[in-house]
2 protein chains.
Amino acid sequence: MSRYRQRMSFRHPERDAIRVDAVLSALGNPVRLAAVRSLDKDGDRNCGNLLAEIGVSAKSTMTHHWRVLRDAGVIWQHQHGREYQLSVRREDLDARYPGLLDAILAGAARDEAA
Amino acid sequence: MSRYRQRMSFRHPERDAIRVDAVLSALGNPVRLAAVRSLDKDGDRNCGNLLAEIGVSAKSTMTHHWRVLRDAGVIWQHQHGREYQLSVRREDLDARYPGLLDAILAGAARDEAA
DNA sequence: TCGATAGTACTAATACTTGCGTACGATCGA
DNA sequence: TCGATCGTACGCAAGTATTAGTACTATCGA
């Protein structure tokens with residue numbers, strides 16, 4: 001009997017269960033904001049791709065951040081073979097909070113330029 | 001010699017020093033989001049007014065939240081007699097992150113309605 | 001001048017966050 | 001079938017956030 005729980009597919013909140021304070025809290029962390037910017041700019045990715053790009057050294061650290069973003073309803077994370085496909089939940093976020101994600105991403109781009 | 005530092009006027013970040021991740025992190029807390037919604041809806045207030053409205057029991061708790069919002073560049077807080085006038089830094093936020101504050105406030109209103 | 005009021009400063013307890021090392025399960029490819 | 005790979009699960013350590021009690025300063029008004 002293993003000490004480790006068997007991995008199963010993740011729980012993602014329904015669109016209607018997304019809350020703006022959770023979204024803001026999730027994106028209010030520089031590592032997660034950078035991750036979502038990358039996902040939005042360059043399309044879907046697996047976890048390892050982004051790890052190097054964001055400059056985080058430990059896989060387990062990003063596993064934590066993916067969970068926060070997933071639980072807040074910001075990203076989808078689905079298993080695909082032995083990789084996990086990541087994508088921004090743009091349809092859901094834009095439907096529920098029109099203009100929010102674009103304003104945030106534009107703001108992050110502006111901060112970076114300055 | 002008192003153990004307590006004398007109060008002086010607060011440091012507010014310059015418009016150019018505001019960072020979107022700090023704004024999101026500040027507004028990613030339900031108490032602070034509610035406070036900013038009240039300020040935006042009903043105009044400038046002092047601290048005590050909002051205390052009751054938001055349902056926070058201790059003044060010192062709100063003192064902490066005002067500091068977080070102030071440091072993030074979300075609110076102005078200026079002494080006026082023995083009260084402190086609070087207001088949303090709408091001009092600065094709208095100039096730096098167009099549409100962000102409106103999207104957030106609309107989102108909070110939507111969440112509340114649901 | 002003096003009591004009441006507004007709201008901060010400080011302290012502390014508790015809970016949550018972030019980061020990473022290590023153990024592991026599942027899958028791929030040779 | 002077996003080693004390499006992907007990325008999670010778990011656990012720990014250090015840091016930060018949240019809340020509130022109490023001490024305090026400054027100001028207002030009678």
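Per chain, numbering begins at 1; letters A, B, ... match sequence-line order.
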Upstream residue (5' side of DNA chain D) when B:R32 and A:E83 are each assigned their closest nucleotide: A:E83
Basic-acidic side-chain contact under 4.0 Å: A:D42, A:R37: no
Sugar-phosphate only, base, or nothing, as touched by A:Y4 at under 4.0 Å among non-hydrogen atoms: base
Sugar-phosphate, base or nothing in reach of A:Q85, heavy atoms under 4.0 Å: nothing
Minimum heavy-atom distance between A:L50 and A:W66, given as atom pair plus value: CD1-CH2, 3.6 Å
Between C:dT27 (C1') and A:Y84 (OH): distance, integer Å: 10 Å
Rounded interatomic separation in angstrom, taking CG from B:L51 and P from C:dT5: 15 Å
Closest listed nucleotide, where the reference is the side chain of B:R5 and the choices are C:dG19, C:dC10, C:dT5: C:dC10
Ring geometry between B:H78 and B:W76 (parallel below 30°, tilted from 30 to 60°, perpendicular above 60°): parallel
Nearest-nucleotide 5' precedence on DNA chain C, A:G81 against B:T63: B:T63
Sugar-phosphate only, base, or nothing, as touched by B:H64 at under 4.0 Å among non-hydrogen atoms: base
Spacing of A:M62 atom CE relative to C:dT18 atom C1', expressed in whole Å: 12 Å
Leading and trailing nucleotides of DNA chain D with any atom under 4.0 Å from heavy atoms of chain A: D:dA4 to D:dC10
Length of the CD-P vector between B:Q77 and C:dA6, whole Å: 15 Å
Side chains of A:Y97 and B:D111, donor plus acceptor under 3.5 Å: yes
A:R45 side chain reached by A:L39 side chain, heavy atoms, under 4.5 Å: yes
Of A:A58 and A:Q79, the one whose closest DNA chain C nucleotide lies more 5': A:A58
Lys/Arg N to Asp/Glu carboxylate O, A:R90 vs A:D102, below 4.0 Å: yes
A:N29 vs C:dT18: side-chain N/O to OP1/OP2 distance below 4.0 Å: yes
Gap between atoms CZ and P, on B:R3 and C:dC10 respectively (whole Å): 9 Å
Rounded interatomic separation in angstrom, taking NE2 from B:H65 and C1' from C:dG7: 15 Å
Contact nearer the 5' end of DNA chain D, comparing A:R70 with B:V56: A:R70
Length of the CZ-C1' vector between B:R67 and C:dT11, whole Å: 13 Å
Side-chain donor or acceptor of A:R96 paired with backbone N/O of A:I18 under 3.5 Å: yes
Whole angstrom value for the distance that separates P of C:dA4 from NZ of B:K59: 14 Å
